Amino acid sequence: MANYDFKTIEKKWQDRWEQEGAFNAVDDFTLPKFYGLIEFPYPSGAGMHVGHIKAYSGMEVVCRKRRMQGYNVMFPIGFDAFGLPAENYAIKTGMHPRVVTDTNIEKFSGQLKRAGFSFDWTRVVDTTDENYYKWTQWIFLKMFENGLVFRDKAFVNYCPHCKVVLSNEDSQGGKCDICNSDVVQKSKDVWFLRITEYADKLLDGLKDIDFPVNIKAQQENWIGRSTGAFVNFTLTDTDEMLKIYTTRPDTLFGVTFMVMAPEHPLIDKYASRIANMDEVEAYRVECGKKTEFERTQLVKDKTGVKLNGLSAINPVNGKEIPIYISDYVMMGYGTGAIMAVPAHDQRDWEFAKKFGIDIIEVIKGGDIEQEAYTGDGEMVNSDFLNGTTNKKDSIEKMLSFLADKGIGEKGVQYKMKDWAFNRQRYWGEPIPIVHCEKCGMVGVPHDELPLRLPDVKNFEPGEGGESPLAKIDEFVNCTCPKCGAPAKRETDTMPQWAGSSWYFLRYIDPKNDDVFAAEDKLKYWLPIDWYNGGMEHVTRHLIYSRFWHRFLYDIGAVPVAEPYAKRTGLGVVLGADGVKMSKSRGNVVDPDDVIKQYGADTLRTYIMFMGDYTASAPWNESGVKGCKRFLDRVANLSDIAKGNGVTPKLETAMHKTIKKVSQDIEDMKFNTAIAAMMTLLNEINNVGAMTLDELSTFVRLLCPFAPHLCEEMWEQLGGEGLCSLAQWPSYDESKCVDNEIEIAVQVNGKVRDRFTVPADIDAQSAIAMAKELDKVKEFTNNMAFIKELYVPGKLVNLVVKPL
RNA sequence: GCGGAUAUGGCGGAAUUGGCAGACGCGUCAGAUUUAGGAUCUGGUGGUAACCCCGUGCAGGUUCGACCCCUGUUAUCCGCACCA
């Protein structure tokens, strides 16, 4: 079978798998289950590139192995198809996004099938299908009913190019995630999901799930929980309290000024008392001009304006202190106002230096003339705290003091903000809300779902970033579900993250019209046993979907609190030039080209072999050829395999390889699993013989990686049924050890010689034999033996020194 | 600045977690086959002409023994970032 005919073979087995429904998960609740998940693709017009293949191959191999181990495996695929690219393409070409999306899905499906992925094609989910987004809308309404949806005027990240409001996550670094233009700040009425209410639950949930430490750390960092205190400062000559948040209430005696965010509402309330209001207004205008990005760029240079005529009283010592406004204080975090302790906070210190404000040391240990001291030390200038040396103690003392006097309390804050949940675009799920003059915001009744996207001709967004839906009178005008009066529909759509926040649940019961998924099926399939995906989704999709799932759990709609029992990451495939693949660089590799030239098995094997799966690695055409060579040589094993039973010279190697491949797949060390099979192949060729039984084992080991070739060889061997569903080979631990072992002999830690002995040799004889070796003697002549060590099965180390 | 990670031949990367550094593959060199090229097969391949010797970013340390542990340091990548 030299240079096996991969084209014929691959087509043959792909057809067979599909006809026989070989990889379809069954709802037989008595079987042990395994739910393996990959991140479903956005079906772009460009089709897949090899990065997609890598992203799915990890779980593919695991799932194929699980099936052979007897599990009822669900390995589903779907399409996250709402989103801007399809819509922009539609605007350009006049084609309906529906048509564009269907074409792209078709294209992706074909590519996925040609790569031989063992997806369950009966469970395909498409987020733009109205039978799917009906349930996306349903979940939204449930959140609305539970007070997790609200509408608020807010400064939002707005992309003037895409004409949409973006979440913080979509505008990182001040650039639009979609078109990379500069994002500007704009005041707008927007929808929010109250994800902050779930901050603690999302944090706690991390404890019991199997995520790599770096993913957990990133999520914790993103949620950004901090503990501290809220403290009320009285505004002079008023009953008004200026509330601040601080993590260091123990430094209250060091407060010498306060800072409010420029947008702080109290400024307007007391505008009449502020003597320099024009100066304040001017500063506000200046800040408004800055994008959030610019604002964070100017870290060093502090700016601000003192409020003349308005000051505050420090509640712990009654001192009157000035108030400033500055854009280094954000309205969006804490209370939008801070107490400034320049001696022990670097930002406050810089501000104080610039504006000539007092700096009072309250913690000893640093030189506050040079910089703020943020370390620990003895408390000074702090009345009842003086002499305390432990930070925790000082904070505790201060907290109880604040509580006793009723001027402050313990508090918790999060960096995470509520989730701006809307887009002014056509190609998304319509938000199922009706605005009624009398009743306010009313949810669309559940039995009216799905609220379908109306057919429009022009997908261009309206002026000022209005949704194209706003132009469709038949859609907008409706009656209030509550009172029946004429009302208007919400015309915003949901962001792309909506559909992907729960798709893994729909796979479980994709055709159910009554519920998003039946309870018994959810109970059987959840949680997802293993979710593999890209690191770029760690702070967005992975948090959003945990939030949605946790909410569904809280309302009793799903049986487990956390959707993913285990999550792993993967590295990207770089271009041959070592740079990220991109159309503009022209270094993109199309999997179809590789499949045409070398076959899907070669592509799959190479992708898994090219390096550490979790790290990024550059594409290398020669490496692909090497894998093709390997598979050709495997195909040729048919010529030498004869008879049954075991080949004595191969027995240990066979068992070792089964063990290594089995374990490596579990650890996602696919590269070394393949290397082990290559080593075994070399040994077989050296021995020059193997039995049909051994070939059967080899073929089953390789099957998850190169399934088409293995099916063909399995058939030739007369194997029963499909190789893909045959039993995973088992090994005997006792047969993994060699009878004879090679011992390395070190003198003073340096290897000087080796010798081969039976594996059960004792320390004494091993050391004695080692000493007799000529090469060893060279280095031990005229030396005194200080120490003699034997590491069983490994080495002898003789420690010597001159006589 | 904070958090996470990485650093090993010409290249991608191994190393049972403190025990023979460089598995496996690529590339390369030599040979076989071939009219030739390609393909294939066999063998060699960290540096060095070389036994010695030197070698896992750099400098120390612990240990009989360190890619692995400790201290310091440099570089690169990723995430967050005036978070009070």
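Not measured: the values here are computed from a predicted model. Just the heavy atoms: all of them, side chains too, but no hydrogens, waters or symmetry mates, feed the values below. Reminder, nothing fancy here: chain letters follow the sequence lines and each chain counts from 1.
When both distances must be under 3.5 Å, the Watson-Crick or G-U wobble mate of B:A23 does not exist. In this structure, B:G43 forms a base pair with B:C29, meeting either the Watson-Crick or the G-U wobble geometry with both donor-acceptor distances under 3.5 Å. When both pairing distances are held under 3.5 Å, B:A15 makes no Watson-Crick or G-U pair with any nucleotide shown. Pairing for B:C69 is with B:G61, a Watson-Crick or G-U wobble pair whose two hydrogen-bonding atom distances lie under 3.5 Å. As the counterpart of B:C51, no nucleotide is assigned, since no Watson-Crick or G-U wobble pattern has both distances under 3.5 Å. Pairing for B:C2 is with B:G79, a Watson-Crick or G-U wobble pair whose two hydrogen-bonding atom distances lie under 3.5 Å.
Residues A:Y544 and A:T539 bring no donor and acceptor atom of their side chains to less than 3.5 Å of each other. Remark: the A:S57 side chain and the A:Y613 side chain contain no N/O donor-acceptor pair separated by less than 3.5 Å. Side-chain contact annotation: A:Y606 with A:D601, donor-acceptor N/O pair under 3.5 Å absent.
Between A:E666 atom CD and B:U16 atom P there is a gap of 18 Å when expressed in whole angstrom units. B:C78 atom C1' lies 20 Å from atom NZ of A:K216, rounded to whole Å. Between the CD1 atom of A:I674 and the P atom of B:A14 there is a distance of 12 Å, given to the nearest Å. In this entry the distance linking CG of A:L681 with P of B:U40 reads 14 Å, nearest Å. Atom CZ of A:R540 and atom P of B:G79 are 10 Å apart (whole Å). Rounded to a whole Å, the CH2 atom of A:W222 is 18 Å from the P atom of B:G4.
Look at A:R633 and you'll find a side-chain N or O under 4.0 angstrom from OP1 or OP2 of B:C41. Under 4.0 angstrom from either OP1 or OP2 of B:C54 there lies at least one side-chain N or O belonging to A:K750. Considering only side-chain N and O atoms, A:Y245 lies nowhere under 4.0 angstrom from the phosphate OP1 or OP2 of B:A84. Look at A:R629 and you'll find a side-chain N or O under 4.0 angstrom from OP1 or OP2 of B:U40.
Between A:K580 and A:E536, none of the side-chain N atoms (NZ, or NE/NH1/NH2) sits under 4.0 Å from a carboxylate O, so this pair counts as no salt bridge. In summary, A:R225 and A:D200 engage in a salt bridge, as defined by a charged side-chain N under 4.0 Å from a carboxylate O. Using a 4.0 Å cut-off between charged nitrogen and carboxylate oxygen, A:R752 and A:E778 do not count as a salt-bridge pair.
Listed nucleotides: B:C24, B:U16, B:U40. Nearest to the side chain of A:A675: B:C24. Nearest to the side chain of A:N682, among B:C26, B:C64, B:C24, sits B:C24. Here B:C82 is the nucleotide among B:A84, B:C82, B:G12 with the atom lying nearest to any side-chain atom of A:Y328. Between B:C41, B:G4, B:U16, one nucleotide has an atom nearer to the side chain of A:A217 than all others, and that is B:G4. In this structure, of B:G3, B:C82, B:C24, it is B:C24 that holds the atom nearest to the side chain of A:F609. Considering only the side chain of A:V329, B:A84 comes nearest among B:G3, B:A14, B:A84. The side chain of A:P618 approaches B:G12 more closely than any other nucleotide in the set B:A21, B:A84, B:G12. The nucleotide whose nearest atom lies closest to any side-chain atom of A:D612 is, among B:G13, B:C54, B:G19, B:G13. If you check B:A5, B:C53, B:C41 against the side chain of A:R752, the one that comes closest is B:C53. The side chain of A:K787 approaches B:C64 more closely than any other nucleotide in the set B:G43, B:G25, B:C64.
You'll find the side chain of A:V231 reaches within 4.5 Å of the side chain of A:P315, heavy atoms only.
Both A:N686 and A:G626 sit near RNA chain B, but only A:G626 has its closest nucleotide nearer the 5' end. Nearer to the 5' terminus of RNA chain B, by closest-nucleotide assignment, is the contact made by A:I215 (compared with the other of A:L789 and A:I215).
Spacing of P atoms, B:U45 relative to B:C51, comes out at 12 Å, to the nearest Å. Rounded to the nearest Å, the gap between the P atom of B:U16 and that of B:C82 is 42 Å. Separation of the C1' atoms belonging to B:G10 and B:U17 is 29 Å when rounded to the nearest angstrom. Nucleotides B:G46 and B:C29, compared at atom C1', are 16 Å apart to the nearest Å. Nucleotides B:A50 and B:A32 are separated by 30 Å at their C1' atoms, to the nearest Å. B:A39 and B:A7 are spaced 39 Å apart, taking the C1' atom of each and rounding to whole Å.
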Next on the checklist: salt bridge (Lys or Arg N to Asp or Glu O under 4.0 Å), that's the test. Do A:D667 and A:K669 meet it? Break it down for me.
Outcome noted: CA-CA 5 Å; A:D667 299 338; A:K669 292 162 92 173; 5.2 Å; no
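The residue A:K669 sits close only to the backbone: its heavy atoms come under 4.0 Å of sugar-phosphate atoms, none of a base. Looking at heavy-atom distances under 4.0 Å, A:N671 makes contact with sugar-phosphate atoms alone, never a base. At the heavy-atom level, A:S616 lies under 4.0 Å from the strands shown only through sugar-phosphate atoms. Counting non-hydrogen atoms under 4.0 angstrom, A:G224 reaches nothing in the nucleic acid. Counting non-hydrogen atoms under 4.0 angstrom, A:K660 reaches nothing in the nucleic acid. Base engagement by A:V791 is indicated by at least one non-hydrogen atom pair under 4.0 Å involving a base atom. Across all strands, A:Q746 comes closer than 4.0 Å to base atoms (heavy-atom distances). Nucleic acid contact class of A:Q346 (heavy atoms, under 4.0 Å, all strands): none.
Classification of B:U17 as syn follows from a glycosidic angle within 90° of 0. For B:G9, the O4'-C1' to base torsion is within 90° of 0; the nucleotide is therefore syn.
Side-chain atoms of A:K302 and base atoms of B:C82 include a donor and an acceptor less than 3.5 Å apart.
Heavy-atom minimum distance, A:V579 versus A:N587: O-ND2, 3.3 Å.
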